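Following: one structure in structure tokens, then a few remarks.
Here the structure is a predicted model, which is why all the values come from computation and not from measurement.
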Amino acid sequence: MFFALTVILSNSADPDPLQDYCLPTQAQQHQCKSSPSPSDFVSRVLGNAPNFQPPQTWNASLLSSANFPALNTMGLSIARAHLGVGGTVPLHYHPRASELIYIAEGEVEAGFVDSNNVLFAQTLQPGDVMILPKGMLHYQYNPGSSRATVLASFDSQSPGIVLPGPGVFGSGIRDEVIASSLGGLDHATLEAVKAKFKPRS
């Protein structure tokens with residue numbers, strides 16, 4: 001039984017690398033570069049990411065193995081988010097990673113809901129750090145009077161993101177299933193909400 005539990009836990013995160021690093025080649029994604037250069041281990045994606053412009057209330061840039069190949073096999077990724085006054089990073093969860101957030105500037109309310117539907121929310125100040133456990137629905141909100149900046153690290157090279165709104169209302173799930181899942185939502189309300197998540201052509 002202990003062995004079975006160990007196997008389950010060992011498969012619950014990114015696997016440990018079998019070599020110092022493995023930067024995929026452009027020709028063969030499953031092969032490693034034979035002679036990488038120092039610049040291969042540097043990215044300026046987060047530093048060059050544009051700040052948001054009104055009327056946007058938030059934006060985020062994610063650095064993962066998809067846009068920084070040096071993260072391949074490292075089990076890490078990082079993001080930077082800006083939140084305008086009243087800006088909200090909407091409810092979402094990461095199926096493959098826990099998230100550690102650091103408040104670089106401003107004031108941020110962050111919270112997550114556990115599997116017992118208990119909300120753990122806290123208003124954070126610059127320098128504060130909060131952990132958002134893997135698979136838990138969470139958000140960030142700027143209740144302050146100035147812009148906020150959040151740095152987030154993940155224990156996966158590809159944390160993934162699931163947004164409940166598009167997942168429920170924009171995926172084609174039967175109306176009857178959605179209505180039943182949300183306590184008997186009436187048809188008119190359901191159609192109005194679904195219209196907000198239809199893909200734009």
Side-chain angles (χ1 to χ4, degrees), residues 6-53 56-84 87-106 108 110-112 124-142 147-164 166-167:
T6 303
V7 170
I8 291 170
L9 290 175
S10 68
N11 290 328
S12 64
D14 288 356
D16 285 335
L18 300 178
Q19 64 280 334
D20 293 344
Y21 48 80
C22 177
L23 282 79
T25 64
Q26 290 189 353
Q28 294 286 335
Q29 287 297 307
H30 298 291
Q31 291 183 354
C32 305
K33 274 188 178 181
S34 57
S35 54
S37 68
S39 62
D40 286 326
F41 297 93
V42 176
S43 172
R44 294 185 170 85
V45 168
L46 296 185
N48 294 334
N51 292 338
F52 66 88
Q53 299 294 326
Q56 285 182 289
T57 59
W58 75 283
N59 74 4
S61 300
L62 174 66
L63 191 64
S64 69
S65 60
N67 56 359
F68 187 28
L71 289 175
N72 182 47
T73 75
M74 295 297 163
L76 297 168
S77 51
I78 187 169
R80 184 187 75 175
H82 293 302
L83 290 84
T88 303
V89 178
L91 287 167
H92 65 284
Y93 67 90
H94 306 288
R96 295 183 291 274
S98 296
E99 178 178 356
L100 187 70
I101 61 171
Y102 169 82
I103 310 307
E105 67 171 332
V108 174
F112 69 89
L124 308 171
Q125 306 296 332
D128 288 348
V129 171
M130 184 173 182
I131 185 71
L132 305 169
K134 181 192 297 185
M136 300 287 112
L137 200 62
H138 62 274
Y139 70 93
Q140 285 121 46
Y141 167 71
N142 179 357
R147 186 180 81 168
T149 301
V150 179
L151 298 175
S153 62
F154 305 90
D155 61 345
S156 171
Q157 68 181 43
S158 178
I161 185 168
V162 178
L163 297 162

Ile78 and side-chain contact (heavy atoms from CB on, under 4.5 Å): which partner among Val45, Leu71, Leu46, Leu100?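 Result for side-chain contact (heavy atoms from CB on, under 4.5 Å) with Ile78: Leu46.
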
Can you sort out the partners of [X] under side-chain contact (heavy atoms from CB on, under 4.5 Å), two or more places apart, ordered by chain and number?
{"X": "Met130", "answer": "Ile101, Ala110, Phe112, Gln122, Leu124, Leu132"}
{"X": "Ser64", "answer": "Leu62, Ala66, Asn67, Ser77"}
{"X": "Asp40", "answer": "Leu23, Lys33, Pro36, Ser37"}

Closest non-hydrogen atom pair between [X] and [Y], with its separation:
{"X": "Lys134", "Y": "Ser98", "value": "N-OG, 3.1 Å"}
{"X": "Leu83", "Y": "Asn142", "value": "O-ND2, 3.1 Å"}
{"X": "Pro95", "Y": "Pro159", "value": "CD-O, 3.4 Å"}
{"X": "Leu63", "Y": "Phe68", "value": "CD1-CB, 3.6 Å"}
{"X": "Ser156", "Y": "Arg96", "value": "CB-O, 3.3 Å"}

Please walk me through it: do Gln157 and Asn72 pass side chain to side chain contact (heavy atoms under 4.5 Å, CB included)? CA-CA 6 Å; Gln157 68 181 43; Asn72 182 47; 3.5 Å; yes

Please confirm whether the backbone N or O of Thr88 pairs with a side-chain atom of Trp58, one donor and one acceptor, at under 3.5 Å?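 Pair found, side chain donor or acceptor close to backbone of Thr88.
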
Pairs flagged by salt bridge (Lys or Arg N to Asp or Glu O under 4.0 Å) wherever residues 58-78 is involved - sequence neighbours left out: none

Going by ring-ring contact (aromatic ring centres under 6.0 Å, His included), name the residues that satisfy it together with [X], two or more places apart in sequence or in a different chain.
{"X": "Tyr93", "answer": "none"}
{"X": "Tyr102", "answer": "none"}
{"X": "Phe154", "answer": "His94"}

Take Met136 and Glu99, measure what side chain to side chain contact (heavy atoms under 4.5 Å, CB included) needs, and give me the verdict at the end. CA-CA 10 Å; Met136 300 287 112; Glu99 178 178 356; over 6 Å; no

How long is the span from the CE atom in Met74 to the CG atom in Asp155, to the nearest 0.5 Å? 15.0 Å

Atom pair OG1 (Thr57) and NE2 (His82), whose distance is rounded to the nearest 0.5 Å: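 Result: 13.5 Å between the selected atoms.
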
Set of residues satisfying side-chain hydrogen bond (donor to acceptor under 3.5 Å, both in side chains) with respect to [X], sequence neighbours excluded:
{"X": "Ser153", "result": "none"}
{"X": "Ser65", "result": "none"}
{"X": "Tyr141", "result": "none"}

Is any side-chain heavy atom of Pro166 closer than 4.5 Å to a side-chain heavy atom of Leu163?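 Of all side-chain heavy-atom pairs linking Leu163 with Pro166, at least one is under 4.5 Å.
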
Quick one, Arg80 with Thr149, criterion side chain to side chain contact (heavy atoms under 4.5 Å, CB included). Give me CA distance, side-chain angles, the key distance, then yes/no. CA-CA 7 Å; Arg80 184 187 75 175; Thr149 301; 4.1 Å; yes

